[in-house]
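These values consider heavy atoms only, across backbone and side chains, with no hydrogens, waters or symmetry-generated copies. Because the structure is a prediction, the values reported are computed rather than measured.
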Amino acid sequence: MFRKLCFEFVMTMPGMTSENEEILGRINSSSVAFVASVFFALHMACQPYDNRDYFILDHIETASLRAILVTAFLQLWCLNTNEADGILHNTWLREVRNVICTVVILLFHLRFFWLFFYGIARRRIQSCISACRGRDFSHGIVKFVPDGLQLHNLNGKEEMLLKTLVSEIFDLHMQAKRKIAYDQWSGSLQMLCLEARRQHIENELLALDKVGNTLRSWREISRKLFHGSRVGLIFERIFDRMESAYGLVSKSGSYENSKKQKDKELEDLKIFCADSLNKILNKEFRVDELQDSMLSLGKSICNNKRIGGLGENMKVEDETMSQALEFYVGPLDMDEHVAIAIQERANIKEVTELRKEVDERQTECADLRRLLGQYRAQRKQGLGTDEERPVDDPRAERLEELEVQLKKSMEALSEAQEERDKTQAEVYRLQGDLDKEGDLKQEAKGVMEEQQSKIHSLEEQLRKLQQHRISCWSCHTKLPEDAQYCYTCGKALHDEL
């Protein structure tokens with residue numbers, strides 16, 4: 001939007017006009033080319049969009065800016081070459097130039113539209129190509145094994161996306177923890193694969209019930225469009241009857257068994273533990289699936305530590321060794337208590353988001369209770385009959401689902417608050433440890449000063465002792481080298497050592 005405003009501004013800017021139409025075209029083309037060049041340079045330097053579907057959003061934006069740049073520069077070139085000798089005296093040369101420029105501009109714009117529609121329907125297009133070929137579309141795979149990830153047959157785009165994915169996980173650890181620990185880094189990779197498998201099963205469940213999901217989405221669209229009006233109620237009744245009729249059909253045959261099996265498998269993968277990770281051992285993932293799971297997890301990918309002992313032949317690793325393999329990222333004064341303070345701010349933000357979600361659920365439940373009360377009042381007044389609407393009211397079912405979701409959100413909010421309290425207690429503990437460490441440093445400094453004073457006194461005594469080279473032959477008193485009489489007994493020394 002800001003870029004469009006800039007284009008309009010430079011073309012209507014005061015003082016940038018001319019009565020000559022050709023000169024005005026040159027001014028407008030130059031201004032548009034300058035603004036497009038600035039935004040193109042900013043886009044290539046920042047790459048602001050996420051990396052889903054192999055950087056498709058950045059590619060679409062780059063193609064759009066390139067099409068604008070090519071259009072502006074070719075138009076400017078055509079206007080500047082209109083006065084050339086060959087163009088003035090040869091009409092056919094002007095036509096050839098215009099045709100070539102038009103074809104080039106069309107190619108760049110067609111590339112933008114192709115990337116746009118391909119980005120929307122990329123997976124459908126690949127599935128159609130696979131169906132036509134009779135075999136799956138060729139992809140590189142990432143295999144989850146007990147000791148890490150194995151890469152097979154990755155092309156250039158997949159390698160680049162995987163490198164970017166690893167760097168994003170590294171950045172998230174820097175922001176959340178300010179350090180990189182071996183067990184947390186490995187735990188992030190394990191959590192990434194587990195989430196990718198969960199999303200894969202959810203997509204399979206959606207594919208099993210395409211008709212039902214389509215009917216439910218249409219009903220939600222009609223509810224948003226008509227807002228509980230009479231037309232909206234008619235459409236809801238139609239969709240409810242269609243959904244109930246489809247439910248009677250879909251509950252028969254192998255569909256129900258497949259759905260139960262997928263639901264059970266999805267339930268087993270909800271908790272990050274050794275059992276769930278053992279269930280996805282030797283599973284194969286595409287790089288774009290890992291990227292999608294990364295986008296859905298966000299900063300929560302940094303919350304889990306590595307689980308060792310996966311598989312039958314793997315031994316449980318020494319926990320102290322894995323905890324010792326870590327290094328800090330950032331300034332040298334960024335120690336543990338600062339990392340916990342950053343984590344506390346993240347927990348506060350998470351609690352705020354959960355409270356907002358709970359408020360939204362409560363508002364939605366209140367609206368549904370109100371609508372359900374109106375519907376029951378209409379039924380009591382004789383406006384609705386059992387023949388016109390199924391006995392099982394979908395609004396009541398939706399209300400029950402939302403109440404369950406509200407209960408879960410409240411539980412998640414309480415857990416987040418407990419986690420925040422634990423983090424605060426840990427901060428206080430670390431602050432006390434830092435105070436004790438400061439006291440110990442002061443005490444050690446005093447001891448060091450005392451030892452240094454003792455060393456200086458001993459050195460002084462040693463220096464004085466080294467000045468005495470002879471002793472008295474009678475009382476053995478230490479005397480200087482130039483002494484002739486003993487200071488203690490008064491005896492003459494007679495040069496005796």
Side-chain angles (χ1 to χ4, degrees), residues 1-8 11 28-29 32-78 95-142 153-165 168 199-200 203 206-207 210 214 217 285-296:
M1 183 60 70
F2 179 71
R3 185 175 63 199
K4 293 179 181 178
L5 291 176
C6 290
F7 284 145
E8 294 295 332
M11 294 180 66
N28 291 337
S29 299
V32 171
F34 172 73
V35 174
S37 301
V38 171
F39 280 100
F40 182 76
L42 287 174
H43 173 72
M44 297 303 293
C46 299
Q47 298 289 319
Y49 301 107
D50 57 53
N51 303 323
R52 69 185 70 191
D53 289 338
Y54 300 101
F55 313 98
I56 188 64
L57 297 178
D58 287 324
H59 292 337
I60 291 173
E61 184 69 14
T62 303
S64 172
L65 292 171
R66 282 178 178 172
I68 295 172
L69 278 173
V70 169
T71 303
F73 279 120
L74 286 180
Q75 186 177 2
L76 182 62
W77 180 67
C78 291
E95 296 296 332
V96 170
R97 182 202 64 182
N98 293 339
V99 169
I100 292 174
C101 292
T102 303
V103 170
V104 172
I105 291 172
L106 284 176
L107 288 176
F108 274 89
H109 283 272
L110 286 175
R111 182 176 181 272
F112 162 72
F113 285 110
W114 161 249
L115 285 175
F116 176 75
F117 289 109
Y118 179 75
I120 294 176
R122 180 181 68 87
R123 296 183 181 178
R124 292 185 178 273
I125 293 173
Q126 290 180 354
S127 63
C128 293
I129 294 174
S130 302
C132 294
R133 289 180 177 180
R135 57 186 176 86
D136 293 336
F137 198 83
S138 59
H139 283 288
I141 60 172
V142 178
N153 301 326
L154 298 182
N155 56 27
K157 288 184 178 180
E158 291 169 341
E159 288 182 356
M160 182 62 67
L161 182 59
L162 185 61
K163 292 177 183 177
T164 308
L165 175 64
E168 287 179 352
Q199 291 185 359
H200 182 75
N203 293 332
L206 293 177
K210 289 183 179 179
T214 304
S217 64
F285 305 95
R286 299 197 308 269
V287 182
D288 57 338
E289 290 179 344
L290 298 178
Q291 178 65 35
D292 293 340
S293 62
M294 172 70 189
L295 293 175
S296 64

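Contact detail for His43 and Pro48: the closest heavy-atom pair is ND1-CD, 3.6 Å. Of all non-hydrogen atoms in Gln199 and Ser296, the two that sit nearest each other are NE2-OG, 2.7 Å. Here the shortest heavy-atom pairing between Val32 and Ala72 reads CG1-CB, 4.1 Å. Across every non-hydrogen atom of Glu158 and Asn155, the tightest pair is N-OD1, 2.8 Å. Closest heavy-atom contact between Cys101 and Leu74: O-CD1, 3.9 Å. The two residues Leu161 and Gln291 have their closest heavy-atom pair at CD1-OE1, 3.8 Å.
Taking the side chain to side chain contact (heavy atoms under 4.5 Å, CB included) definition, one finds that Arg66 meets it with Phe40, Thr62, Phe108, Arg111, sequence neighbours left out. Trp77 meets the ring pair (Phe, Tyr, Trp, His ring centres under 6.0 Å) test with no other residue; sequence neighbours excluded. With sequence neighbours excluded, the residues forming a side chain to side chain contact (heavy atoms under 4.5 Å, CB included) with Asn28 are Met11, Leu24, listed by chain and number. Partners of Phe73 according to the side chain to side chain contact (heavy atoms under 4.5 Å, CB included) rule, which considers only residues two or more places apart in sequence or in another chain, are Ala33, Ser37, Leu69. Partners of Phe113 according to the side chain to side chain contact (heavy atoms under 4.5 Å, CB included) rule, which considers only residues two or more places apart in sequence or in another chain, are Phe117. With sequence neighbours left out, the salt bridge (charged side-chain N to carboxylate O under 4.0 Å, His left out) criterion links Asp292 to Arg123.
Of the inter-residue distances, the one linking Phe55 atom CZ with Thr164 atom OG1 reads 3.5 Å to the nearest 0.5 angstrom. Atom CD of Glu61 sits about 11.0 Å away from atom CE of Met44, to the nearest 0.5 Å. To the nearest 0.5 Å, atom CE of residue Met160 and atom CG of residue Leu165 are 13.5 Å apart. From Phe285, atom CZ reaches atom CD1 of Ile141 across 10.5 Å, with rounding to the nearest 0.5 Å. Taking OG1 from Thr71 and CG from Leu76, the interatomic distance works out to 12.5 Å, rounded to the nearest 0.5 Å. Distance CZ/Phe116 to CG/Leu57: 10.5 Å, rounded to 0.5 Å.
Ser64 places no side-chain N or O within 3.5 Å of a backbone atom of Ile60 that could act as its donor or acceptor partner.
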